[in-house]
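Only a predicted model underlies this, so the values are computations on that prediction, with no experimental measurement involved. All chains are named by letter (A, B, ...) in the order of the sequence lines, taking the proteins before the strands, and each is independently numbered beginning at 1.
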Amino acid sequence: MANDKKLVEEITSMNVDFAQWYTDVVKKAELVEYSSVRGCMIIRPYGYAIWENIQKDLDARFKATGHENVYMPMFIPESLLQKEKEHVEGFAPEVAWVTHGGAEKLTEKLCVRPTSETLFCDHYANIIHSYRDLPKLYNQWCSVVRWEKTTRPFLRTMEFLWQEGHTAHATAEEAQEETIKMLNVYANFCEEVLAIPVVKGRKTDKEKFAGAKATYTIESLMHDGKALQSGTSHNFGDGFAHAFDIQYTDKDNQLKYVHQTSWGMTTRMIGALIMVHGDDSGLVLPPMVAPLQVVVIPIAQHKEGVLEKANEIKERLSRIARVKIDDSDKMPGWKFSEYEMKGVPVRLEIGPKDIEKNQAVLVRRDSREKLIVSLDELEEKVTELLKDIQKGLLEKARALRDSKTYRAVTLDEFEKTINETPGFIKAMWCGDQKCEDMIKEKTGATSRCIPFEQENISDKCVCCGGKAEKMVFWGKAY
RNA sequence: CGGGGUGUAGCGCAGUUGGUAGCGCACGUGGUUUGGGACCAUGGGGCCGGAAGUUCGAGUCUUCUCACCCCGACCA
């Protein structure tokens with residue numbers, strides 16, 4: 001089958017070496033360049049454009065649910081970070097410290113924010129006085145720093161871009177509602193825009209955020225069967241409010257503590273896009289986040305009329321899609337490969353033969369299927385095709401995830417499955433962290449989430465055989 | 001932080017018993033080409049990761065260091 005032929009020799013095949021494939025794609029698609037700064041990456045224009053599209057769509061969803069953007073300082077004084085015990089214990093091992101300003105030693109060292117709960121709390125304590133001030137629905141787009149030991153582009157870097165939402169509410173019910181609402185915003189965004197199917201659920205206590213009462217997560221599955229935590233939404237209860245003394249006067253003239261949430265999504269999602277949709281020829285981007293949706297490639301562009309026609313087409317399509325024309329003097333074949341590596345959803349070829357017949361050739365990136373369309377109905381066909389690709393990618397990703405989702409009743413079965421066919425494993429759990437630890441030790445898999453959609457696989461815990469409480473998604477994670 | 005590996009042109013690599021650095025791709029220029037990574041000609045590019053040492057002489061030998069990659073542990 002011609003479609004299966006590997007056309008780009010410079011990308012390692014996925015099933016030969018998945019990690020190398022990932023690195024090759026990231027480099028060849030010009031998403032990232034390694035920098036001189038250890039553990040930090042340069043996000044190149046094409047990679048950053050994907051992030052901008054993610055930002056734009058997510059930001060609109062945040063605004064639509066009543067949130068406002070703010071900006072907090074990037075430094076946190078040590079004393080402020082220390083205020084919530086569990087939180088500081090969770091983050092202290094991986095924060096970067098600023099100890100000097102110029103030549104002068106600081107009296108109190110500052111950490112470079114690993115996350116901004118403490119700053120938001122400090123601020124909320126100052127601006128929240130009455131129930132009339134609630135809720136506070138804030139979000140910020142920024143970068144954070146975590147001193148990671150090993151790093152990989154997009155998946156784990158010492159500095160990464162993200163958004164962090166921080167909200168304060170009058171009641172526990174409202175905070176819980178917000179936590180779930182934002183989890184759903186993430187889940188819908190992943191499926192509708194990134195075409196990545198997710199499993200929604202709650203984290204076990206072992207896996208929850210430092211300082212949270214409950215952490216909810218969306219989990220996705222990569223091509224190699226590893227799980228990726230794709231977005232989290234935390235309910236803090238009133239724990240931070242007590243630590244930071246965030247109180248308001250309620251209608252009944254009583255002083256009450258606020259209930260808070262936080263939620264975040266990061267540039268890691270670009271890594272997810274690569275590992276969910278990519279293939280041996282490189283990146284495959286869902287049209288909704290693709291920086292370029294259509295690339296126009298003139299064939300035999302030196303011949304009379306070709307470039308003119310190609311430009312005319314580009315102008316026409318610019319009104320309905322993100323389009324570029326590549327009229328460089330590279331060979332057409334070179335251009336085909338180039339834009340395949342970059343995952344551009346649709347390629348439009350236009351040459352002398354097409355012009356004669358008033359047609360163009362459209363090629364889908366996902367299936368490589370070629371369509372010959374009349375220039376008279378170009379706009380309609382391209383619109384339709386982009387929609388179709390977006391839909392097809394989600395379906396394909398869902399089918400892949402489902403095919404890599406297994407169930408296990410015994411620990412032996414669990415171990416065998418995770419080693420032979422990596423993926424999600426659905427198995428029952430008694431709720432005891434000892435069993436979670438044991439599973440991790442024996443199989444290397446961690447609990448990904450307790451899904452909202454429960455199934456009864458067995459009455460017994462997969463590990464200890466005790467009474468099963470919940471069905472849990474397990475997997476090896478990035 | 002443990003285990004393994006690699007540092008020589010932008011990228012991928014070669015470099016023999018120590019003798020003063022080469023190949024492919026990429027890049028510049030001129031020309032011919034153009035429907036799946038074209039060809040010919042010609043040109044430019046290097047403190048051999050860094051420091052110290054041995055030597056008349058180090059890419060090569062010794063010591064120390066730094067960085068990166070892969071596999072674990074930890075995290076988004």
Side-chain angles (χ1 to χ4, degrees), chain A residues 2-3 5-12 17-20 22-24 27-28 33-41 90-95 114-115 143-164 186 203 206-210 215 217-220 227-234 262-272 281-282 297-303 306-307 326-341 347-355 359-361 363 368 370 372 440-441 444 446 448 476-478:
Chain A
N3 283 357
K5 208 175 80 187
K6 188 162 179 269
L7 295 168
V8 179
E9 300 300 332
E10 297 175 32
I11 296 175
T12 307
D17 183 345
F18 192 82
Q20 190 58 50
Y22 180 81
T23 310
D24 288 348
K27 293 288 300 275
K28 296 303 292 184
E33 189 62 53
Y34 289 95
S35 75
S36 312
V37 187
R38 179 161 67 98
C40 298
M41 62 177 174
F91 282 101
E94 52 180 356
V95 296
T115 177
S143 76
V144 289
V145 169
R146 298 181 188 177
W147 215 257
E148 300 290 350
K149 302 209 168 96
T150 59
T151 59
R152 296 188 66 191
F154 295 119
L155 300 175
R156 184 173 302 117
T157 46
M158 295 217 297
E159 181 188 11
F160 59 92
L161 298 174
W162 77 348
Q163 92 10 253
E164 46 178 328
Y186 287 150
K203 285 287 189 190
K206 178 182 160 73
E207 299 286 330
K208 77 177 186 197
F209 181 82
T215 289
T217 178
I218 50 172
E219 298 285 325
S220 54
L228 190 79
Q229 180 173 306
S230 300
T232 47
S233 186
H234 315 290
S262 86
W263 23 276
M265 187 172 265
T266 80
T267 35
R268 176 180 252 196
M269 293 319 293
I270 298 173
S281 298
I297 300 191
I299 306 294
Q301 62 189 40
H302 60 291
K303 295 209 175 138
V306 174
L307 269 182
D326 187 343
D327 57 1
S328 68
D329 60 4
K330 300 276 194 206
M331 302 294 289
W334 188 92
K335 294 177 187 174
F336 296 166
S337 301
E338 179 68 11
Y339 296 100
E340 269 169 25
M341 286 193 289
R347 173 172 87 230
L348 188 152
E349 299 172 20
I350 178 90
K353 287 184 235 163
D354 299 312
I355 294 171
Q359 65 178 37
V361 179
V363 186
R368 286 218 182 83
K370 285 195 180 187
I372 293 169
K440 168 111 197 245
E441 196 187 315
T446 51
R448 301 320 308 154
K476 291 189 179 174
Y478 271 101

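- With a cut-off of 3.5 Å on both Watson-Crick or G-U wobble distances, the partner of G46(B) is given as none.
- With respect to the salt-bridge test (charged N to carboxylate O, under 4.0 angstrom), the residues Glu33(A) and Lys27(A) qualify.
- Between Glu159(A) and Val361(A), the residue anchored nearer the 5' end of RNA chain B, judged by the nucleotide with its closest heavy atom, is Val361(A).
- With C1' as the reference atom, G44(B) and G49(B) are 24 Å apart, rounded to whole Å.
- Distance check on atom P: C69(B) versus G31(B) gives 44 Å, rounded to whole Å.
- Between Gly90(A) and Ala210(A) the shortest heavy-atom distance is CA-CB, 3.7 Å.
- When all heavy atoms of Val144(A) and Pro114(A) are compared, the pair lying nearest together is CB-O, 3.6 Å.
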Assign a letter to each nucleotide of nucleotides 66-74 of chain B from its 5' end: B, base within under 4.0 Å of a protein heavy atom; S, sugar-phosphate only; -, no contact. -SSSSSBBB

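- Here Pro352(A) lies in heavy-atom contact (under 4.0 Å) with a base.
- Taking the P atoms as reference points, G4(B) lies 27 Å from U17(B), given to the whole Å.
- Across all strands, Glu94(A) comes closer than 4.0 Å only to sugar-phosphate atoms, never to a base (heavy-atom distances).
- Checking U54(B) for Watson-Crick or G-U wobble geometry (two distances, each under 3.5 Å) identifies no partner in any strand.
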Dump every N/O contact between nucleotides 6-12 of chain B and the protein below 3.5 Å, one line per pair.
none

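- In this structure, A67(B) forms a base pair with U6(B), meeting either the Watson-Crick or the G-U wobble geometry with both donor-acceptor distances under 3.5 Å.
- The pair Glu338(A)-Arg347(A) fails the salt-bridge criterion, with no side-chain N (NZ, NE, NH1 or NH2) lying under 4.0 Å from an Asp/Glu carboxylate O.
- Across all strands shown, nothing is found opposite U34(B) as a Watson-Crick or G-U wobble partner with both distances under 3.5 Å.
- Of all non-hydrogen atoms in Ser143(A) and Leu161(A), the two that sit nearest each other are CB-CD2, 3.7 Å.
- Looking only at side-chain heavy atoms (C-beta outward), Ser262(A) and Glu164(A) stay at 4.5 Å or farther from each other.
- In a base pair of the Watson-Crick type (N1 to N3 plus N6-O4 or O6-N4) or a G-U wobble (N1-O2 and O6-N3), with each distance short of 3.5 Å, G22(B) is matched with C13(B).
- Across all strands shown, U29(B) forms a Watson-Crick or G-U wobble pair with A41(B), both key distances being under 3.5 Å.
- Summarising the geometry, the separation between CD1 on Ile299(A) and P on G35(B) is reported as 7 Å, rounded to the nearest angstrom.
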With the criterion being N/O to N/O and under 3.5 Å, what pairs connect the protein with nucleotides 42-46 of chain B, and how long is each?
none

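- Of the C1' atoms belonging to C75(B) and G5(B), the separation is 25 Å, rounded to the nearest Å.
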For nucleotides 27-32 of chain B, print each protein N/O atom paired with a nucleotide N/O atom at under 3.5 Å, atom names and distance only.
unit_1: C27(B); atom_1: OP1; unit_2: Lys330(A); atom_2: NZ; d: 2.9

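- For the P atoms, the distance from A21(B) to U16(B) is 15 Å, rounded to whole Å.
- Nucleic acid contact class of Leu228(A) (heavy atoms, under 4.0 Å, all strands): none.
- The side-chain contact (heavy atoms from CB on, under 4.5 Å) search around Lys330(A) returns Ser328(A), Trp334(A), Lys335(A), not counting sequence neighbours.
- Each of Thr266(A) and Val363(A) was assigned the nucleotide of RNA chain B with the nearest heavy atom; the assignment lying further toward the 5' end belongs to Val363(A).
- Across every non-hydrogen atom of Leu228(A) and Ala272(A), the tightest pair is CD2-CB, 3.5 Å.
- With both ends at atom C1', the span from G12(B) to A51(B) equals 28 Å, rounded to whole Å.
- Separating the C1' atom of U34(B) from that of C39(B) is a span of 12 Å, rounded to the nearest Å.
- Under the 4.5 Å side-chain criterion, counting only non-hydrogen atoms from C-beta, Lys353(A) is not in contact with Ile355(A).
- One atom, CZ of Arg347(A), and another, C1' of G36(B), lie 7 Å apart when rounded to the nearest Å.
- Rounded to whole angstrom, the span from the NZ atom of Lys303(A) across to the C1' atom of G35(B) amounts to 10 Å.
- Atom pair Ile355(A):CD1 and G35(B):C1' shows a separation of 13 Å (rounding to whole Å applied).
- In this structure, C1(B) forms a base pair with G72(B), meeting either the Watson-Crick or the G-U wobble geometry with both donor-acceptor distances under 3.5 Å.
- Looking at every heavy atom in both residues, Pro298(A) comes nearest to Val306(A) through CB-CG1, 3.8 Å.
- When all heavy atoms are compared, the tightest approach of Gln301(A) to Leu307(A) is O-CG, 3.8 Å.
- In this structure, Asp329(A) reaches neither bases nor backbone, as no heavy-atom distance under 4.0 Å exists between it and the strands shown.
- Atom pair Asp326(A):CG and G36(B):P shows a separation of 16 Å (rounding to whole Å applied).
- Thr215(A) pairs with exactly one of Lys203(A), Lys208(A), His234(A), Gln229(A) by the side chain to side chain donor-acceptor pair (under 3.5 Å) rule, that one being His234(A).
- In this structure a side-chain-to-backbone donor-acceptor pair under 3.5 Å is missing from Tyr186(A) to Thr217(A).
- Within 4.0 Å of Thr217(A), counting heavy atoms only, lies no atom of the nucleic acid at all.
- Here, C74(B) and C13(B) have their P atoms 32 Å apart, quoted to the whole Å.
- Atom P of nucleotide G35(B) and atom NZ of Lys370(A) are separated by 11 Å, given to the nearest angstrom.
- Partners of Lys303(A) according to the salt bridge (Lys or Arg N to Asp or Glu O under 4.0 Å) rule, which considers only residues two or more places apart in sequence or in another chain, do not exist here.
- Ranking G37(B), C75(B), U34(B) by closeness to the His302(A) side chain, first place goes to U34(B).
- To the nearest angstrom, C1' of U34(B) lies 8 Å from CD of Gln301(A).
- Whole-Å rounding puts the Ile297(A) CD1 to U34(B) C1' distance at 12 Å.
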